[in-house]
Amino acid sequence: MNPAKAESVKSGVAAQVEKIVGATPVSDIHTHLYDPAFGDLLLWGIDDLLVYHYLVAEAFRYLDMPFETFWKLNKPQQADLIWDTLFLQNSPISEACRGVLTTLNALGLDAKKRDLPALRKWFADWKVEDYITRCLELAGVKAVCMTNSPFDDSERAVWEKGFHRDGRFTAALRIDPLLAAWGDTAPMLNGWGYAVGVSLTEKTIAQVRGFLADWTEKIQARYLMVSLGPDFDFPADTFAARLLEKAVLPHCREFGLPMALMLGVKRQVNPELRLAGDGVGASKMTALEHLCGRFPENKFLVTVLARENQHELCVLARKFRNLHVFGCWWFTNVPSVMEEMTRMRLELIGLSVTPQHSDARVLDQLIYKWQHSRRLITRVLADKYADLIQTGWEPREGEIERDVKSLFGGAFERFCV
Ligand code: FIX
Ligand code: ZN
């Protein structure tokens with residue numbers, strides 16, 4: 001192909017990629033959103049957008065008030081302060097601030113008037129059922145997977161009462177307290193009728209499996225999930241490693257469900273920041289290597305928080321087909337790091353990856369998280385096809401559609417079955 005022809009094919013393909021990525025609905029495999037039946041647990045609207053813990057952490061870069069004074073404010077007061085600090089006193093450059101503006105803009109609101117009371121008024125007119133549909137539509141999201149913890153009292157009460165499921169919200173069983181705080185969790189299980197002791201006898205393991213089975217069925221879990229700190233190791237003589245091996249992984253095998261491991265979060269580095277107080281540390285990736293190698297019948301969905309673990313994760317995915325890499329999690333969900341990670345993943349493991357999840361905690365955030373991700377995925381994918389065109393290979397429209405579907409949930413579904 002002569003150079004002029006190659007350039008024109010590349011720009012034609014880039015336009016196709018943009019169109020297809022924009023039009024392909026995504027299945028969002030990890031969020032902190034809830035089925036509307038959970039009532040107030042489903043967060044939405046301008047005040048919740050502003051008090052997002054990403055923005056709380058950023059506001060404290062500028063504020064000198066004591067943390068406690070901030071926590072004593074009610075939600076609209078906290079939102080006022082964050083708006084003033086991050087949007088009025090400083091330009092809203094950060095990714096999380098930009099996200100609020102992307103969201104408002106997509107909803108048709110004029111944020112540049114800097115009129116927070118007017119924004120509040122607009123949101124007050126919505127009914128949540130209609131607003132869910134509007135947000136999913138604007139975000140191009142067809143389904144969201146929740147994060148469901150039986151250890152959360154308000155959430156557990158709703159499951160126990162029972163409700164009619166909204167088919168757009170699927171469930172994932174979150175088990176952090178089981179692995180990270182067994183000493184505190186064992187008495188809770190006892191209180192719910194599972195006769196466990198602190199030491200991991202056969203009887204206790206059977207009871208833990210009973211608990212996992214009951215909740216997997218109750219919530220119709222698509223996968224189980226846990227976040228683990230940088231110190232997590234496997235094999236190891238810890239409750240986390242032993243419970244994983246003896247109870248959780250056998251349960252996943254029995255039910256044919258993947259286990260999601262979210263590695264590298266250092267919980268409560270600064271407890272005064274509450275939910276905003278978690279940090280990051282590099283994980284021991286040999287632990288994951290040992291898990292994938294020792295348990296070929298288990299499937300592992302994995303995202304890692306530390307930038308320095310990303311390359312090793314991709315290499316492990318080349319070695320173990322029971323490992324599916326997903327998402328640019330939390331501190332990595334910023335354009336510079338996401339661009340690097342997405343390129344690296346496509347270069348090392350092709351399309352056998354789920355490049356992004358939203359981690360949305362507030363419904364409206366689906367809009368910005370997916371707009372920003374789509375833009376970046378479009379750019380990276382168009383570049384990769386351009387490299388192919390340079391070799392004389394021309395991707396066809398149907399092939400691009402197939403590839404984008406894989407990235408937006410297809411590869412995940414295939415991995416799970
Ligand atoms: O552990 C997790 O699932 C994290 O995503 C959250 O706990 C975290 O607070 C968050 O919202 C990150 O985006
Ligand atoms: Zn999360």
Side-chain angles (χ1 to χ4, degrees), residues 30 32 34-35 37-41 145-163 165 170-263 265-268 271 274-275 277-278 287 291 294-295 297-298 300-301:
H30 170 55
H32 296 266
Y34 289 92
D35 183 306
F38 286 83
D40 290 347
L41 290 184
C145 191
M146 306 179 275
T147 296
N148 302 106
S149 174
F151 303 99
D152 177 314
D153 292 339
S154 29
E155 177 171 352
R156 196 178 59 254
V158 180
W159 288 113
E160 277 171 348
K161 194 160 160 244
F163 60 94
R165 294 282 292 262
T170 58
L173 180 57
R174 183 82 179 226
I175 57 165
D176 287 31
L178 187 70
L179 298 190
W182 172 245
D184 299 331
T185 303
M188 287 168 86
L189 293 188
N190 265 305
W192 299 330
Y194 301 93
V196 299
V198 171
S199 79
L200 302 182
T201 59
E202 265 181 40
K203 181 174 168 224
T204 288
I205 292 294
Q207 290 288 309
V208 171
R209 287 190 60 176
F211 166 77
L212 295 172
D214 290 347
W215 277 92
T216 295
E217 275 164 4
K218 191 187 289 292
I219 74 173
Q220 296 284 300
R222 303 285 308 275
Y223 59 87
L224 276 79
M225 67 188 310
V226 69
S227 72
L228 294 161
D231 52 351
F232 172 75
D233 212 350
F234 190 92
D237 190 14
T238 58
F239 282 120
R242 285 161 60 215
L243 279 160
L244 194 61
E245 173 172 5
K246 304 224 172 304
V248 180
L249 295 181
H251 167 78
C252 290
R253 292 194 294 272
E254 184 188 339
F255 282 74
L257 294 177
M259 178 71 214
L261 303 172
M262 305 179 77
L263 305 176
V265 54
K266 254 193 202 170
R267 293 289 177 198
Q268 296 297 281
R274 300 192 182 177
L275 195 54
D278 298 338
L291 284 168
R294 287 231 337 232
F295 303 105
E297 302 303 322
N298 279 99
F300 298 96
L301 296 162

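From a predicted model like this one, the values you see are computed outputs, not experimental measurements.
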Novice: Measure the OG1-CZ distance between Thr204 and Arg209 for me, rounded to the nearest 0.5 Å.
Specialist: 14.0 Å
Novice: With side chain to side chain contact (heavy atoms under 4.5 Å, CB included) as the test, would you mind laying out the steps for Arg156 and Trp192 before giving the verdict?
Specialist: CA-CA 11 Å; Arg156 196 178 59 254; Trp192 299 330; 3.1 Å; yes
Novice: Parallel under 30°, tilted from 30 to 60°, perpendicular over 60°: which one fits the rings of His30 and His32?
Specialist: perpendicular
Novice: Using a 3.5 Å cut-off and no angle test, enumerate the donor-acceptor pairs between side-chain atoms of residues 239-249 and protein atoms at least two apart in sequence or in another chain.
Specialist:
| from | atom 1 | to | atom 2 | distance (Å) |
| --- | --- | --- | --- | --- |
| Glu245 | OE2 | Arg294 | NH2 | 3.2 |

Novice: Between Phe38 and Phe163, is the ring centre distance below 6.0 Å?
Specialist: yes
Novice: Return the minimal non-hydrogen interatomic distance between Val265 and Pro230, and the atom names on each side.
Specialist: O-CD, 3.6 Å
Novice: What distance do Arg222 atom CZ and Asn148 atom CG have between them, rounded to the nearest 0.5 Å?
Specialist: 12.5 Å
Novice: Donor-acceptor pair, distance only, cut-off 3.5 Å: does the side chain of Glu155 make one with the backbone of Pro150?
Specialist: no
Novice: Can you tell me if Glu202 has over 12 outside heavy atoms packed within less than 6.0 Å of its CD?
Specialist: no
Novice: Distance-only check: which donor-acceptor pairs under 3.5 Å involve side-chain atoms of residues 172-186, not counting sequence neighbours?
Specialist:
| from | atom 1 | to | atom 2 | distance (Å) |
| --- | --- | --- | --- | --- |
| Arg174 | NE | Asp176 | OD1 | 2.8 |
| Arg174 | NH2 | Asp176 | OD2 | 3.2 |
| Arg174 | NH2 | Ser227 | OG | 3.3 |
| Asp176 | OD1 | Ser227 | N | 3.1 |
| Asp176 | OD2 | Ser227 | N | 3.4 |
| Asp176 | OD2 | Ser227 | OG | 2.6 |
| Trp182 | NE1 | Val198 | O | 2.7 |
| Thr185 | OG1 | Pro177 | O | 2.8 |
| Thr185 | OG1 | Ala181 | O | 2.9 |

Novice: Donor-acceptor pair, Gln220 side chain versus Glu217 backbone, under 3.5 Å?
Specialist: yes
Novice: For Gln268 and Arg274, which heavy atoms make the closest approach, and how far apart are they?
Specialist: NE2-O, 2.9 Å
Novice: Considering all heavy atoms of both residues, which atom of Cys252 and which atom of Leu224 are nearest to each other, and what is their separation?
Specialist: SG-CD1, 4.2 Å
Novice: Looking only at heavy atoms, which two atoms of Leu41 and Ser154 are closest? And how far apart?
Specialist: CD2-OG, 4.1 Å
Novice: Heavy atoms, side chains only, cut-off 4.5 Å: are Met188 and Phe211 in contact?
Specialist: no
Novice: How far does CE of Met225 sit from CG of Leu257, to the nearest 0.5 angstrom?
Specialist: 13.0 Å
Novice: Tell me the closest heavy-atom pair linking Arg165 and Ile219, and the distance in Å.
Specialist: NH1-O, 2.9 Å
Novice: Donor-acceptor pair, Gln207 side chain versus Tyr194 backbone, under 3.5 Å?
Specialist: no
Novice: Would you mind reporting whether Val226 and Leu261 have side-chain heavy atoms less than 4.5 Å apart?
Specialist: yes
Novice: Just how far is it from atom CE of Met259 to atom CG of Leu301, taken to the nearest 0.5 Å?
Specialist: 9.0 Å
Novice: Give a yes or no answer on whether the side chain of Asn190 reaches the backbone of Val196 with a donor-acceptor pair at less than 3.5 Å.
Specialist: yes
Novice: For Lys218, look at atom NZ and say whether over 12 heavy atoms of other residues, nucleotides or ligands are found less than 6.0 Å away.
Specialist: yes
